[in-house]
Asks: 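Supplied in C-alpha coordinates, the structure appears directly below.
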Protein chains: 2
Amino acid sequence: MSATAAKRGQKNWPKQVEAVCVRQGLQLTPLRRRVLSILGESAAPLGAYAIIDRLSKIEGKQIAPPTVYRTLEFFAENGFLHKIESRNVFARCEHVGHAHYGALLLCETCGRSEEIEDEALDEFLKRTAARAGFALQPQMLELQGLCKSCAAAARGA
Amino acid sequence: MSATAAKRGQKNWPKQVEAVCVRQGLQLTPLRRRVLSILGESAAPLGAYAIIDRLSKIEGKQIAPPTVYRTLEFFAENGFLHKIESRNVFARCEHVGHAHYGALLLCETCGRSEEIEDEALDEFLKRTAARAGFALQPQMLELQGLCKSCAAAARGA
DNA sequence: GTCATTATGTTATAATATTGCATTTGGCAA
DNA sequence: TTGCCAAATGCAATATTATAACATAATGAC
Ligand SMILES: [Zn+2]
Ligand SMILES: [Zn+2]
Ligand SMILES: [Zn+2]
Ligand SMILES: [Zn+2]
(Lines give C-alpha, C1' and ligand atoms only; values in the text may rest on other atoms or scores of the structure.)
(Ligands and ions follow the chains in the order given, each with its own letter.)
Protein backbone atom coordinates (compact mmCIF):
# COMPACT_ATOMS: atom_id res chain seq x y z
CA MET A 1 0.00 0.00 0.00
CA SER A 2 1.31 3.50 -0.84
CA ALA A 3 1.77 6.15 1.80
CA THR A 4 -1.12 8.04 0.24
CA ALA A 5 -3.39 5.05 0.44
CA ALA A 6 -2.35 4.52 4.05
CA LYS A 7 -3.27 8.09 4.87
CA ARG A 8 -6.60 7.72 3.11
CA GLY A 9 -7.31 4.56 5.10
CA GLN A 10 -6.42 6.33 8.30
CA LYS A 11 -8.72 9.24 7.56
CA ASN A 12 -11.58 7.08 6.45
CA TRP A 13 -11.51 4.59 9.23
CA PRO A 14 -13.72 6.50 11.69
CA LYS A 15 -16.27 7.06 8.94
CA GLN A 16 -16.25 3.42 7.96
CA VAL A 17 -16.76 2.44 11.58
CA GLU A 18 -19.58 4.91 11.94
CA ALA A 19 -21.28 3.57 8.82
CA VAL A 20 -21.16 0.00 10.10
CA CYS A 21 -22.46 1.11 13.51
CA VAL A 22 -25.44 2.78 11.88
CA ARG A 23 -26.14 -0.26 9.71
CA GLN A 24 -25.95 -2.64 12.65
CA GLY A 25 -27.63 -0.49 15.26
CA LEU A 26 -24.51 -0.21 17.41
CA GLN A 27 -24.31 2.77 19.74
CA LEU A 28 -21.51 5.13 18.83
CA THR A 29 -21.56 7.13 22.04
CA PRO A 30 -19.53 10.30 22.73
CA LEU A 31 -16.92 8.32 24.64
CA ARG A 32 -16.60 5.83 21.80
CA ARG A 33 -16.33 8.64 19.26
CA ARG A 34 -13.50 10.23 21.18
CA VAL A 35 -11.58 6.96 21.40
CA LEU A 36 -12.31 6.35 17.72
CA SER A 37 -10.81 9.68 16.87
CA ILE A 38 -7.70 9.04 18.98
CA LEU A 39 -7.16 5.72 17.24
CA GLY A 40 -7.96 7.23 13.88
CA GLU A 41 -5.26 9.82 14.13
CA SER A 42 -2.40 7.62 15.21
CA ALA A 43 0.25 6.55 12.72
CA ALA A 44 0.99 3.39 14.70
CA PRO A 45 -1.15 1.15 16.91
CA LEU A 46 -1.63 2.47 20.44
CA GLY A 47 -1.44 0.82 23.83
CA ALA A 48 -4.36 1.10 26.24
CA TYR A 49 -2.51 3.47 28.55
CA ALA A 50 -1.48 5.75 25.69
CA ILE A 51 -5.17 6.02 24.87
CA ILE A 52 -6.02 6.62 28.51
CA ASP A 53 -3.52 9.47 28.64
CA ARG A 54 -4.78 11.14 25.49
CA LEU A 55 -8.38 10.73 26.47
CA SER A 56 -7.66 12.16 29.92
CA LYS A 57 -6.13 15.24 28.26
CA ILE A 58 -9.17 15.68 26.05
CA GLU A 59 -11.64 15.24 28.89
CA GLY A 60 -9.64 17.36 31.27
CA LYS A 61 -9.73 14.75 34.01
CA GLN A 62 -8.15 11.40 34.75
CA ILE A 63 -9.95 8.54 32.99
CA ALA A 64 -9.79 5.13 34.67
CA PRO A 65 -8.53 2.07 32.79
CA PRO A 66 -11.83 0.15 32.63
CA THR A 67 -13.43 2.97 30.67
CA VAL A 68 -10.91 2.59 27.89
CA TYR A 69 -10.56 -1.18 28.04
CA ARG A 70 -14.32 -1.52 27.65
CA THR A 71 -14.36 0.80 24.69
CA LEU A 72 -11.54 -1.13 23.05
CA GLU A 73 -13.41 -4.36 23.72
CA PHE A 74 -16.46 -2.93 21.98
CA PHE A 75 -14.42 -2.03 18.89
CA ALA A 76 -12.61 -5.36 18.83
CA GLU A 77 -15.78 -7.41 19.28
CA ASN A 78 -17.36 -5.64 16.37
CA GLY A 79 -14.40 -6.08 14.07
CA PHE A 80 -13.20 -2.48 14.02
CA LEU A 81 -9.96 -3.06 15.89
CA HIS A 82 -7.33 -5.77 16.23
CA LYS A 83 -5.55 -6.38 19.47
CA ILE A 84 -1.92 -7.15 18.74
CA GLU A 85 -1.10 -9.65 21.46
CA SER A 86 2.62 -9.67 20.88
CA ARG A 87 2.81 -5.95 21.67
CA ASN A 88 -0.20 -5.08 23.79
CA VAL A 89 -1.42 -2.49 21.33
CA PHE A 90 -4.58 -1.95 19.33
CA ALA A 91 -4.60 -1.42 15.57
CA ARG A 92 -7.38 -0.14 13.35
CA CYS A 93 -8.83 -2.91 11.24
CA GLU A 94 -8.05 -1.95 7.66
CA HIS A 95 -10.78 -4.19 6.27
CA VAL A 96 -13.79 -3.21 8.31
CA GLY A 97 -16.66 -5.45 7.43
CA HIS A 98 -14.64 -7.95 5.37
CA ALA A 99 -13.95 -11.57 6.13
CA HIS A 100 -10.56 -11.95 7.76
CA TYR A 101 -7.97 -14.28 6.34
CA GLY A 102 -4.56 -12.90 6.71
CA ALA A 103 -1.95 -11.28 8.80
CA LEU A 104 -0.78 -8.17 10.53
CA LEU A 105 2.68 -7.15 9.41
CA LEU A 106 4.38 -5.43 12.31
CA CYS A 107 7.39 -3.20 11.86
CA GLU A 108 9.96 -3.56 14.61
CA THR A 109 11.45 -0.18 13.86
CA CYS A 110 8.60 2.26 13.44
CA GLY A 111 5.88 0.24 15.18
CA ARG A 112 3.38 0.57 12.35
CA SER A 113 1.19 -2.31 11.35
CA GLU A 114 -0.18 -3.24 7.99
CA GLU A 115 -2.99 -5.66 7.42
CA ILE A 116 -3.03 -8.10 4.54
CA GLU A 117 -5.81 -10.38 3.45
CA ASP A 118 -4.70 -13.65 1.93
CA GLU A 119 -6.90 -16.67 1.66
CA ALA A 120 -4.08 -18.78 0.26
CA LEU A 121 -2.05 -18.09 3.38
CA ASP A 122 -4.97 -19.16 5.51
CA GLU A 123 -5.28 -22.39 3.52
CA PHE A 124 -1.58 -23.08 3.74
CA LEU A 125 -1.61 -22.65 7.50
CA LYS A 126 -4.63 -24.87 7.96
CA ARG A 127 -3.04 -27.66 5.95
CA THR A 128 0.25 -27.29 7.76
CA ALA A 129 -1.43 -27.44 11.16
CA ALA A 130 -3.68 -30.31 10.08
CA ARG A 131 -0.62 -32.48 9.44
CA ALA A 132 0.00 -32.28 13.19
CA GLY A 133 -3.64 -33.11 13.92
CA PHE A 134 -4.33 -29.51 14.83
CA ALA A 135 -7.50 -27.62 13.90
CA LEU A 136 -6.81 -23.91 13.59
CA GLN A 137 -9.18 -21.18 14.68
CA PRO A 138 -9.71 -18.32 12.28
CA GLN A 139 -7.14 -15.74 13.32
CA MET A 140 -4.96 -12.87 12.24
CA LEU A 141 -1.30 -13.80 12.23
CA GLU A 142 1.18 -11.43 13.77
CA LEU A 143 4.32 -11.28 11.69
CA GLN A 144 7.32 -9.31 12.87
CA GLY A 145 9.65 -7.61 10.43
CA LEU A 146 10.56 -4.35 8.78
CA CYS A 147 8.21 -2.25 6.70
CA LYS A 148 9.23 -1.07 3.26
CA SER A 149 10.60 2.29 4.34
CA CYS A 150 12.34 1.03 7.48
CA ALA A 151 13.92 -1.83 5.51
CA ALA A 152 15.17 0.67 2.93
CA ALA A 153 16.54 2.91 5.66
CA ALA A 154 18.31 -0.07 7.26
CA ARG A 155 19.90 -1.01 3.92
CA GLY A 156 20.97 2.58 3.36
CA ALA A 157 22.57 2.92 6.80
CA MET B 1 3.57 -36.56 17.30
CA SER B 2 2.12 -39.44 19.36
CA ALA B 3 1.38 -39.05 23.06
CA THR B 4 4.26 -41.38 23.78
CA ALA B 5 6.65 -39.33 21.72
CA ALA B 6 5.42 -36.20 23.48
CA LYS B 7 6.16 -37.80 26.82
CA ARG B 8 9.59 -38.85 25.65
CA GLY B 9 10.30 -35.32 24.51
CA GLN B 10 9.18 -33.97 27.85
CA LYS B 11 11.42 -36.39 29.75
CA ASN B 12 14.39 -35.83 27.53
CA TRP B 13 14.27 -32.09 27.37
CA PRO B 14 16.29 -31.37 30.51
CA LYS B 15 18.94 -33.84 29.35
CA GLN B 16 19.11 -32.26 25.92
CA VAL B 17 19.47 -28.85 27.48
CA GLU B 18 22.18 -30.12 29.78
CA ALA B 19 24.07 -31.65 26.86
CA VAL B 20 24.02 -28.41 24.92
CA CYS B 21 25.11 -26.46 27.99
CA VAL B 22 28.11 -28.76 28.43
CA ARG B 23 29.00 -28.48 24.74
CA GLN B 24 28.76 -24.71 24.77
CA GLY B 25 30.25 -24.05 28.16
CA LEU B 26 27.02 -22.59 29.58
CA GLN B 27 26.61 -22.69 33.35
CA LEU B 28 23.77 -24.93 34.41
CA THR B 29 23.60 -23.76 38.00
CA PRO B 30 21.45 -25.27 40.77
CA LEU B 31 18.82 -22.55 40.31
CA ARG B 32 18.70 -23.16 36.58
CA ARG B 33 18.46 -26.90 37.13
CA ARG B 34 15.49 -26.48 39.41
CA VAL B 35 13.70 -24.24 36.91
CA LEU B 36 14.62 -26.67 34.15
CA SER B 37 13.04 -29.47 36.10
CA ILE B 38 9.87 -27.47 36.77
CA LEU B 39 9.52 -26.70 33.07
CA GLY B 40 10.44 -30.27 32.16
CA GLU B 41 7.62 -31.75 34.18
CA SER B 42 4.80 -29.54 33.01
CA ALA B 43 2.31 -30.82 30.46
CA ALA B 44 1.60 -27.30 29.23
CA PRO B 45 3.70 -24.14 29.01
CA LEU B 46 3.97 -22.24 32.29
CA GLY B 47 3.69 -18.57 33.16
CA ALA B 48 6.50 -16.87 35.07
CA TYR B 49 4.44 -16.60 38.24
CA ALA B 50 3.47 -20.28 38.13
CA ILE B 51 7.18 -21.05 38.02
CA ILE B 52 7.84 -18.62 40.86
CA ASP B 53 5.21 -20.36 42.98
CA ARG B 54 6.55 -23.84 42.32
CA LEU B 55 10.12 -22.79 42.86
CA SER B 56 9.18 -21.06 46.10
CA LYS B 57 7.61 -24.32 47.34
CA ILE B 58 10.73 -26.26 46.42
CA GLU B 59 13.08 -23.77 48.05
CA GLY B 60 10.90 -23.32 51.11
CA LYS B 61 10.97 -19.54 50.82
CA GLN B 62 9.49 -16.86 48.62
CA ILE B 63 11.46 -16.38 45.40
CA ALA B 64 11.33 -12.92 43.82
CA PRO B 65 10.31 -12.40 40.19
CA PRO B 66 13.68 -11.24 38.82
CA THR B 67 15.27 -14.53 39.84
CA VAL B 68 12.90 -16.46 37.64
CA TYR B 69 12.69 -13.95 34.80
CA ARG B 70 16.46 -13.98 34.51
CA THR B 71 16.55 -17.73 34.42
CA LEU B 72 13.89 -17.80 31.72
CA GLU B 73 15.83 -15.21 29.77
CA PHE B 74 18.90 -17.42 29.93
CA PHE B 75 16.97 -20.40 28.55
CA ALA B 76 15.28 -18.37 25.85
CA GLU B 77 18.49 -16.68 24.70
CA ASN B 78 20.15 -20.02 24.33
CA GLY B 79 17.31 -21.57 22.36
CA PHE B 80 15.97 -23.91 25.04
CA LEU B 81 12.68 -22.15 25.59
CA HIS B 82 10.14 -20.20 23.58
CA LYS B 83 8.24 -17.32 25.05
CA ILE B 84 4.68 -17.47 23.81
CA GLU B 85 3.81 -13.79 23.53
CA SER B 86 0.12 -14.30 22.96
CA ARG B 87 -0.22 -16.05 26.33
CA ASN B 88 2.66 -14.90 28.48
CA VAL B 89 3.91 -18.42 29.01
CA PHE B 90 7.13 -20.26 28.34
CA ALA B 91 7.30 -23.50 26.38
CA ARG B 92 10.12 -25.99 26.10
CA CYS B 93 11.76 -25.84 22.71
CA GLU B 94 11.13 -29.21 21.12
CA HIS B 95 13.97 -28.83 18.68
CA VAL B 96 16.86 -27.82 20.88
CA GLY B 97 19.86 -27.02 18.74
CA HIS B 98 18.00 -27.10 15.40
CA ALA B 99 17.38 -24.23 13.04
CA HIS B 100 13.93 -22.76 13.60
CA TYR B 101 11.50 -22.39 10.77
CA GLY B 102 8.00 -23.03 11.87
CA ALA B 103 5.24 -22.51 14.32
CA LEU B 104 3.92 -23.17 17.78
CA LEU B 105 0.50 -24.76 17.67
CA LEU B 106 -1.38 -23.63 20.76
CA CYS B 107 -4.42 -25.48 22.04
CA GLU B 108 -7.12 -23.17 23.36
CA THR B 109 -8.67 -25.92 25.42
CA CYS B 110 -5.86 -27.73 27.19
CA GLY B 111 -3.21 -25.05 26.86
CA ARG B 112 -0.57 -27.38 25.46
CA SER B 113 1.75 -26.29 22.72
CA GLU B 114 3.32 -28.28 19.95
CA GLU B 115 6.21 -27.14 17.86
CA ILE B 116 6.47 -27.80 14.15
CA GLU B 117 9.37 -27.14 11.85
CA ASP B 118 8.43 -26.26 8.30
CA GLU B 119 10.72 -24.50 5.93
CA ALA B 120 8.04 -24.30 3.25
CA LEU B 121 5.82 -22.36 5.65
CA ASP B 122 8.64 -19.98 6.32
CA GLU B 123 9.14 -19.46 2.59
CA PHE B 124 5.46 -18.95 2.00
CA LEU B 125 5.27 -16.31 4.71
CA LYS B 126 8.32 -14.47 3.44
CA ARG B 127 6.90 -14.30 -0.06
CA THR B 128 3.50 -13.21 1.18
CA ALA B 129 5.00 -10.43 3.28
CA ALA B 130 7.38 -9.39 0.52
CA ARG B 131 4.40 -8.62 -1.70
CA ALA B 132 3.56 -5.86 0.77
CA GLY B 133 7.17 -4.67 0.78
CA PHE B 134 7.74 -6.22 4.17
CA ALA B 135 10.92 -8.05 5.21
CA LEU B 136 10.17 -10.67 7.84
CA GLN B 137 12.41 -11.50 10.75
CA PRO B 138 13.01 -15.16 11.46
CA GLN B 139 10.33 -16.06 13.99
CA MET B 140 8.15 -18.79 15.42
CA LEU B 141 4.52 -18.28 14.51
CA GLU B 142 1.91 -18.65 17.18
CA LEU B 143 -1.15 -20.43 15.84
CA GLN B 144 -4.25 -20.82 17.95
CA GLY B 145 -6.50 -23.82 17.60
CA LEU B 146 -7.41 -27.19 19.03
CA CYS B 147 -5.01 -30.06 19.47
CA LYS B 148 -5.89 -33.50 18.16
CA SER B 149 -7.41 -34.81 21.37
CA CYS B 150 -9.28 -31.63 22.29
CA ALA B 151 -10.68 -31.38 18.76
CA ALA B 152 -11.86 -34.99 19.01
CA ALA B 153 -13.43 -34.32 22.40
CA ALA B 154 -15.18 -31.24 21.02
CA ARG B 155 -16.60 -33.25 18.10
CA GLY B 156 -17.73 -35.98 20.47
CA ALA B 157 -19.49 -33.54 22.82
C1' DG C 1 44.98 -15.09 45.84
C1' DT C 2 43.30 -11.01 42.89
C1' DC C 3 40.35 -9.46 39.93
C1' DA C 4 36.81 -9.30 36.58
C1' DT C 5 32.73 -11.48 35.15
C1' DT C 6 28.65 -13.85 35.82
C1' DA C 7 24.96 -15.17 38.64
C1' DT C 8 21.82 -14.49 42.45
C1' DG C 9 19.27 -11.92 46.24
C1' DT C 10 16.28 -8.17 47.49
C1' DT C 11 13.38 -4.18 47.36
C1' DA C 12 10.78 -1.37 44.96
C1' DT C 13 8.16 -0.05 41.14
C1' DA C 14 6.42 -0.05 36.29
C1' DA C 15 3.18 -1.59 32.89
C1' DT C 16 -0.84 -4.03 31.62
C1' DA C 17 -5.47 -5.60 32.74
C1' DT C 18 -9.67 -7.04 35.43
C1' DT C 19 -13.33 -7.31 39.22
C1' DG C 20 -17.11 -5.52 41.48
C1' DC C 21 -20.29 -2.33 42.36
C1' DA C 22 -22.59 2.28 41.92
C1' DT C 23 -24.65 5.52 38.74
C1' DT C 24 -26.30 7.24 34.45
C1' DT C 25 -28.18 6.86 29.93
C1' DG C 26 -31.05 5.19 26.18
C1' DG C 27 -34.69 2.52 24.34
C1' DC C 28 -39.12 0.75 24.78
C1' DA C 29 -43.50 -1.00 26.39
C1' DA C 30 -47.57 -0.17 29.28
C1' DT D 1 -45.71 9.95 30.14
C1' DT D 2 -43.96 6.94 33.18
C1' DG D 3 -41.73 3.04 34.65
C1' DC D 4 -38.67 -0.39 33.61
C1' DC D 5 -34.79 -3.00 31.73
C1' DA D 6 -30.55 -3.31 29.51
C1' DA D 7 -26.51 -1.04 28.03
C1' DA D 8 -23.00 2.14 29.03
C1' DT D 9 -20.09 4.71 32.07
C1' DG D 10 -17.76 6.09 36.52
C1' DC D 11 -14.89 4.72 40.07
C1' DA D 12 -12.02 2.26 43.58
C1' DA D 13 -9.59 -1.49 44.39
C1' DT D 14 -6.82 -5.12 42.99
C1' DA D 15 -4.75 -8.67 39.95
C1' DT D 16 -1.22 -9.96 36.70
C1' DT D 17 2.97 -9.51 34.22
C1' DA D 18 7.55 -7.54 34.03
C1' DT D 19 11.65 -4.55 34.98
C1' DA D 20 15.00 -1.28 37.36
C1' DA D 21 18.45 -0.60 40.55
C1' DC D 22 21.64 -1.95 43.58
C1' DA D 23 23.83 -5.33 46.91
C1' DT D 24 26.03 -9.76 47.56
C1' DA D 25 27.94 -14.16 46.23
C1' DA D 26 29.98 -17.54 43.19
C1' DT D 27 32.95 -18.64 39.29
C1' DG D 28 36.74 -18.60 36.27
C1' DA D 29 41.11 -16.40 34.32
C1' DC D 30 45.44 -15.00 35.45
ZN1 LIG E 1 -8.90 -6.45 10.02
ZN1 LIG F 1 8.75 0.69 9.79
ZN1 LIG G 1 12.00 -24.51 19.19
ZN1 LIG H 1 -5.81 -29.55 23.66
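Values below: every heavy atom of this structure, side chains too, minus hydrogens, waters and symmetry copies. Lettering follows sequence order; numbering is per chain, from 1.
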Asks: Can you tell me how far C1' of dG10(D) sits from OH of Y69(A), to the nearest Å?
Replies: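 These atoms are roughly 17 Å apart.
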Asks: Any Lys/Arg nitrogen of E18(B) or R33(B) sitting under 4.0 Å from an Asp/Glu carboxylate oxygen of the other?
Replies: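 Looking at E18(B) and R33(B), the cut-off is met.
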Asks: Looking at every strand, decide which applies to T67(B) at a 4.0 Å heavy-atom threshold: base, sugar-phosphate, or nothing.
Replies: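 Base contact - T67(B) has a heavy atom under 4.0 Å of at least one base atom.
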Asks: If I take atom CG in residue L72(A) and atom P in nucleotide dT9(D), what distance separates them, rounded to the nearest angstrom?
Replies: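 In whole Å, dT9(D) P lies 12 Å from L72(A) CG.
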Asks: Please say whether more than 12 non-hydrogen atoms of neighbouring residues, nucleotides or ligands are located less than 6.0 Å from OH in Y101(A).
Replies: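 No, the 6.0 Å shell around OH holds no more than 12 heavy atoms from other groups.
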Asks: Is it true that K126(A) and D122(A) make a salt bridge, defined as a side-chain N closer than 4.0 Å to a carboxylate O?
Replies: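 Yes, K126(A) and D122(A) are salt-bridged.
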Asks: How do T71(A) and F90(B) order along DNA chain D: which one's closest nucleotide is nearer the 5' end?
Replies: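 Counting from the 5' end, the first nearest nucleotide belongs to T71(A).
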Asks: In whole angstrom, give the distance that lies between atom CG of L55(A) and atom C1' of dT9(D).
Replies: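 That distance rounds to 12 Å.
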Asks: Heavy atoms, side chains only, cut-off 4.5 Å: are E142(A) and E85(B) in contact?
Replies: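 Contact flag for E142(A)/E85(B) side chains = no.
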Asks: Over how many whole Å does the gap from L28(B) atom CG to dT27(D) atom C1' extend?
Replies: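 Whole-Å distance recorded here is 15 Å.
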Asks: Between P30(B) and A48(A), which residue's closest nucleotide on DNA chain C lies nearer the 5′ terminus?
Replies: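 Its nucleotide being nearer the 5' end, the pick is P30(B).
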Asks: Respond yes when some side-chain nitrogen or oxygen of K83(A) is under 4.0 Å from OP1 or OP2 of dA17(C), and no when none is.
Replies: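 Yes.
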Asks: Using a heavy-atom cut-off of 4.0 Å across all strands, would you classify R70(B) as base, sugar-phosphate, or nothing?
Replies: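 Base contact - R70(B) has a heavy atom under 4.0 Å of at least one base atom.
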Asks: Using a cut-off of strictly less than 4.0 Å, decide whether N88(A) has a side-chain nitrogen or oxygen near OP1 or OP2 of dA17(C).
Replies: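 Yes, because at least one side-chain N or O of N88(A) sits under 4.0 Å from OP1 or OP2 of dA17(C).
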Asks: In whole angstrom, give the distance that lies between atom CG of N78(A) and atom C1' of dA7(D).
Replies: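 It works out to 13 Å between those atoms.
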Asks: Output yes when at least one side-chain N/O atom of T29(B) is less than 4.0 Å from OP1 or OP2 of dT8(C), else no.
Replies: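 True: T29(B) side-chain N/O within range (under 4.0 Å) of dT8(C) OP1/OP2.
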Asks: Without decimals, in angstroms, what is the distance between D53(B) CG and dT16(D) P?
Replies: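 Rounded to whole Å, this separation is 10 Å.
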Asks: Rounded to whole angstroms, how far apart are CD on Q62(A) and P on dT9(D)?
Replies: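 Taking atom P of dT9(D) as the reference, CD of Q62(A) is at 18 Å.
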Asks: Hey, can you tell me if Y49(A) and Y69(A) have their rings parallel, tilted or perpendicular (30° and 60° cut-offs)?
Replies: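 Perpendicular, since the angle between the ring planes exceeds 60°.
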Asks: Whole-Å distance between dA26(D) C1' and Q27(B) CD?
Replies: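 The answer, rounded to whole Å, is 8 Å.
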Asks: Reckon R32(A) has a side-chain N or O less than 4.0 Å from the OP1 or OP2 of dT9(D)?
Replies: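 For dT9(D), OP1/OP2 do have a side-chain N/O of R32(A) under 4.0 Å.
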Asks: Any N or O donor-acceptor pair linking the side chain of Y49(B) to the base of dA18(D) at under 3.5 Å?
Replies: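 Per atom types, the contact qualifies.
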